[in-house]
Amino acid sequence: DAMVIQNPRYQVTQFGKPVTLSCSQTLNHNVMYWYQQKSSQAPKLLFHYYDKDFNNEADTPDNFQSRRPNTSFCFLDIRSPGLGDAAMYLCATSRDSDSYSYEQYFGPGTRLTVT
Amino acid sequence: GQQVMQIPQYQHVQEGEDFTTYCNSSTTLSNIQWYKQRPGGHPVFLIQLVKSGEVKKQKRLTFQFGEAKKNSSLHITATQTTDVGTYFCAGNEVTGGGNKLTFGTGTQLKVEL
């Protein structure tokens, strides 16, 4: 089945130690998104890619970076994790369009713990 | 920036009772999407509403989009335990090539037997 895969499902890192979360998709969608979701809160968009074009949200901290080496894969790098970065990180994909909006397909998420 | 609020924040119902969550945006929306997130799960798309005043039904779920395209609602008739989860509306901004979702604050539904 076509899907969005995130690895690992659970990640523990130390305060200040760089960490990378990965996302892959078999849907062949041009658009990929990264969201941060803290406990009992709504998902918050960090950035998204339209193909290779990177679109950062204005309030996304510089500590968060992303890479998309090809259509299938996207990575979230947290350069110096702080305790406040502990959250669920959700990857999503969608078809691309200039005018119509399509549903987003979410991966299962990676739960990040910072010690 | 765009803000999307939902009420209530929590709702506990007995199985068989109806449930409604209301979504209000600070700005006019081009369209709105609804997602359901089960406990420990990820958001799953339910529906998209595009037209002013639009009403769509999915079995026991009824979705409405306000005439002014600034509010929306989801009504579940005769809730079941499988309806448990958090329901999010999401305001949609179509960008060049993708669409940016601004999620509402969510309504967590618990259904008791």
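Basis for what follows: all heavy atoms, side chains included, without hydrogens, waters or symmetry-related copies. Sequence lines set the chain letters: A, B, ... in the order given, protein chains first and strands last, and positions in each chain run from 1.
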Check each atom of A:Tyr105 against the heavy atoms of chain B and say whether the ones under 4.5 Å are side chain, backbone, both or neither.
->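 For A:Tyr105, there is no contact with chain B at all, as no heavy atom is under 4.5 Å.
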A:Gln41 portion near chain B, given a 4.5 angstrom heavy-atom threshold =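 Only the backbone of A:Gln41 comes within 4.5 Å of chain B.
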For A:Ala42 and B:Phe103, which heavy atoms make the closest approach, and how far apart are they?
->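 It is CB-CB, 3.8 Å.
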Should B:Gln48 and A:Glu103 be marked as a side chain to side chain contact (heavy atoms under 4.5 Å, CB included) after you check the CA-CA gap, both sets of side-chain angles, and the distance that decides it?
-> CA-CA 8 Å; B:Gln48 176 169 270; A:Glu103 65 187 273; over 6 Å; no
How long is the gap from CG on B:Leu101 to OH on A:Tyr35, to the nearest 0.5 Å?
->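 Taking CG in B:Leu101 and OH in A:Tyr35, the distance rounds to 4.0 Å.
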[X]-[Y] co-clustered via ILVMFWY side chain contacts under 4.5 Å:
{"X": "A:Leu90", "Y": "B:Phe45", "answer": "yes"}
{"X": "A:Tyr33", "Y": "A:Leu46", "answer": "no"}
{"X": "A:Phe64", "Y": "A:Leu45", "answer": "no"}
{"X": "A:Leu21", "Y": "A:Tyr49", "answer": "yes"}

Is the [atom1] atom of [X] crowded by more than 12 outside heavy atoms at less than 6.0 Å?
{"X": "A:Asn28", "atom1": "CG", "value": "no"}
{"X": "B:Gln58", "atom1": "CD", "value": "yes"}
{"X": "A:Phe75", "atom1": "CZ", "value": "yes"}
{"X": "A:Asp62", "atom1": "CG", "value": "no"}

Region of B:Gln6 in contact with chain A, defined by heavy-atom distances below 4.5 Å =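 The answer is neither part of B:Gln6.
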Looking at A:Arg111, A:Met88, A:Glu57, which makes the most heavy-atom pairs under 4.5 Å with chain B?
->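 If we count pairs closer than 4.5 Å to chain B, A:Glu57 comes out on top.
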Determine the option with the most heavy-atom pairs under 4.5 angstrom with chain B, choosing from A:Met32, A:Gln37, A:His29.
->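 Highest number of pairs under 4.5 Å: A:Gln37.
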Would you kindly say whether B:Gln33 and A:Gln104 are connected by a side-chain donor-acceptor distance under 3.5 Å?
->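 Absent: no donor and acceptor within the cut-off.
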Closest-packed option against chain A by number of heavy-atom pairs under 4.5 Å, given B:Pro43, B:Gly41, B:Gly106 =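 If we count pairs closer than 4.5 Å to chain A, B:Pro43 comes out on top.
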Begin with the C-alpha distance, continue with both residues' side-chain angles, and end with the deciding distance and a verdict on side chain to side chain contact (heavy atoms under 4.5 Å, CB included) for B:His42 and A:Gln6.
-> CA-CA 12 Å; B:His42 57 276; A:Gln6 290 188 245; over 6 Å; no
